Amino acid sequence: MEKKTVLSCIQPTGHMHFGNYFGAVKNWVDLQEKYDCFYGVVNYHAMTMPYKPDKLRQNTWDLIFNLLATGIQPENLFIQSLVPEHSELSWIFNCFTPYGRLNQMTQFKDKSSKSTDDGFISAGLLNYPVLQAADILIYRADFVPVGKDQDQHLELTRTIASRFNNQVGKEYFVMPKGLHTETPKIASTADPTRKMSKSAGEKHYINVFDDEARIRKQIRSAVTDTGEPSGEMSAGVENLFLLIKAGGNEQAHVSLMEDYNADNLKYVDLKEAAAETLVALSQKFREKRAELLANKKEVKGQIKASSAEIRKRAQQTLKDVKDLSGLMNVRF
Ligand code: TYM
């Protein structure tokens, strides 16, 4: 039987944080055994907010090395701008997208409300979910492993796919399904009512590759009490438990949960266990990354080659789409 296809992507807007890792990337690694997987570092997406070109280049390669260090196989990894068909398909999909849906997207509302110096909001930010639909559908993905915050974008992707299918009179695209980990929403430790995120500011994320001291500091200052009624687990405490569980520290999780149930939990112990869990994971990945960085040139070459290979699949879909849409095709 032919393997099902998995696609997912991450933006190179900073380093990979534990929300990205536990919400998505950990799943990416595990899915590689069973599926045909495509994982993209989406640099076109990272242009939708004001940015610096040198930083974008640097972040793109940093993220590639970080993903490889966590266990993504190089042949499954590509850089979006090395597969320019994504942006061409995105234009075509713009013509199948109900535009009123775009300014209802939570991510658009969040990011457009963060005023920059001159109040500039790019049309790219509005059209971002259309490019995301192209990322997914260009590989005709069956499954998309993402965190909970991406559900809305996935829903729009299905709308675009079915509108396209209807208009061209063929069930060309399959409807992609989201896949969640057990922890699809990791909260900020500084404010557990919001998600861990790079765009919320320094305090609101912990990078997987941060040095030990920063990880410990961030966990030590985690907010635990947020005024919940007694008897209810606070969002901050729940989040720390999630981090321990997601990090595979089952033993600490069980024993601290027993303390909690006996009304005997000491926050300092909970924080210590969370910090230990994250530091151990980070240490393991950092060692792997150092090995990869020792062969920097070779690894970069590998990723350029895998992007070129993956591109062939994208080219085939784009060719079909252009045929189906009544557009002339370039021969390749
Ligand atoms: P991005 O780059 O913000 O995040 C990458 C992945 O990490 C997940 N994630 C989280 N999961 C749990 N808790 C959190 N606090 C948390 N923060 C982030 C995200 O859900 C995502 O799975 N629009 C996407 C990038 C994208 C994409 C795609 C994803 C572009 N094209 C095609 C899937 C398929 C984004 O901004 O993710």
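Keep in mind that what you see is a predicted model, and the values were worked out from it rather than measured. Counting starts at 1 for both ligands and their atoms, following the listed order.
The main-chain N or O of Ile215 is never found under 3.5 Å from a side-chain atom of Gln218 such that the two would form a donor-acceptor pair.
In this structure, Leu7 has a heavy atom closer than 4.0 Å to ligand 1. By the 4.0 Å heavy-atom criterion, Ser8 is counted among the residues contacting ligand 1.
Side-chain atoms of Asp135 and Gln80 include a donor-acceptor pair closer than 3.5 Å. Remark: the Gln11 side chain and the Tyr128 side chain contain an N/O donor-acceptor pair separated by less than 3.5 Å. Residues Thr5 and Asp36 bring no donor and acceptor atom of their side chains to less than 3.5 Å of each other.
For ligand 1, the polar-atom distance check finds no N/O of Lys148 at less than 3.5 Å from any of the ligand's N/O atoms. Residue-to-ligand polar distances place Gln11 within reach of ligand 1: an N/O pair is separated by less than 3.5 Å. Looking at ligand 1, you'll find an N or O of Asp135 within less than 3.5 Å of one of its N or O atoms. When only interatomic distances are considered, the shortest N/O to N/O separation between Ile186 and ligand 1 falls below 3.5 Å. Between Gly147 and ligand 1, at least one pair of N/O atoms sits closer than 3.5 Å. Ligand 1 has an N or O atom lying under 3.5 Å from an N or O atom of Gly19, backbone or side chain.
With ring centers used as reference points, Tyr139 lies under 6.0 Å from His86. A ring-centre distance under 6.0 Å is not found for Tyr205 and Phe18.
The protein atom (non-hydrogen) at minimum distance from atom 37 (O) of ligand 1 is Gln150 NE2, 3.9 Å. The closest protein non-hydrogen atom to atom 5 (C) of ligand 1 is Asn20 ND2, 3.5 Å. Summary of contacts: the protein heavy atom closest to atom 19 (C) of ligand 1 is Asp149 OD1, 3.4 Å.
Close approach to Lys185 involves these atoms of ligand 1, each under 4.0 Å from a residue heavy atom: 12 (C), 13 (N). Under a 4.0 Å criterion applied to the non-hydrogen atoms of Gly23, ligand 1 contributes the atoms 11 (N), 12 (C). Shown in contact with Ala24 at under 4.0 Å from a heavy atom are these atoms of ligand 1, numbered in order with element: 6 (C), 7 (O), 22 (O). Annotation for ligand 1: atoms under 4.0 Å from non-hydrogen atoms of Met196 are 14 (C), 15 (N), 17 (N). Each of the following atoms of ligand 1 lies closer than 4.0 Å to a heavy atom of Pro184: 11 (N), 12 (C), 13 (N). Those atoms of ligand 1 with a heavy atom of Val42 less than 4.0 angstrom away are 30 (C). In summary, the atoms of ligand 1 found under 4.0 Å from a heavy atom of Tyr128, numbered by their order in the structure, are 23 (N), 24 (C), 25 (C), 35 (C), 36 (O).
Nearest heavy-atom pair, Ile219 versus Ala274, reported as atom, atom and distance to 0.1 Å: CG2-CB, 4.1 Å.
Side-chain atoms of Phe78 and Phe38, non-hydrogen and from C-beta on, do get closer than 4.5 Å to each other.
Residue Val146 holds the heavy atom nearest to atom 33 (C) of ligand 1 of all those in Leu179, Val146, Val25.
Within a 6.0 Å radius of NZ in Lys322, more than 12 heavy atoms belonging to other residues, nucleotides or ligands are found. A 6.0 Å sphere centred on CZ of Arg163 holds no more than 12 heavy atoms belonging to other residues, nucleotides or ligands.
Every residue meeting the ring-ring contact (aromatic ring centres under 6.0 Å, His included) condition with His253, not counting sequence neighbours, appears here in chain and number order: Phe241. The salt bridge (charged side-chain N to carboxylate O under 4.0 Å, His left out) test applied to Lys284 returns no partner, not counting sequence neighbours.
Contacts with ligand 1 closer than 4.0 Å are made by side-chain heavy atoms of Ile136 only, the backbone lying farther away. Contacts with ligand 1 closer than 4.0 Å are made by no heavy atom of Phe22, backbone or side chain.
Between Phe173 and Phe93, the angle of the ring planes goes over 60°, which puts this pair in the perpendicular group of the 30/60° scheme.
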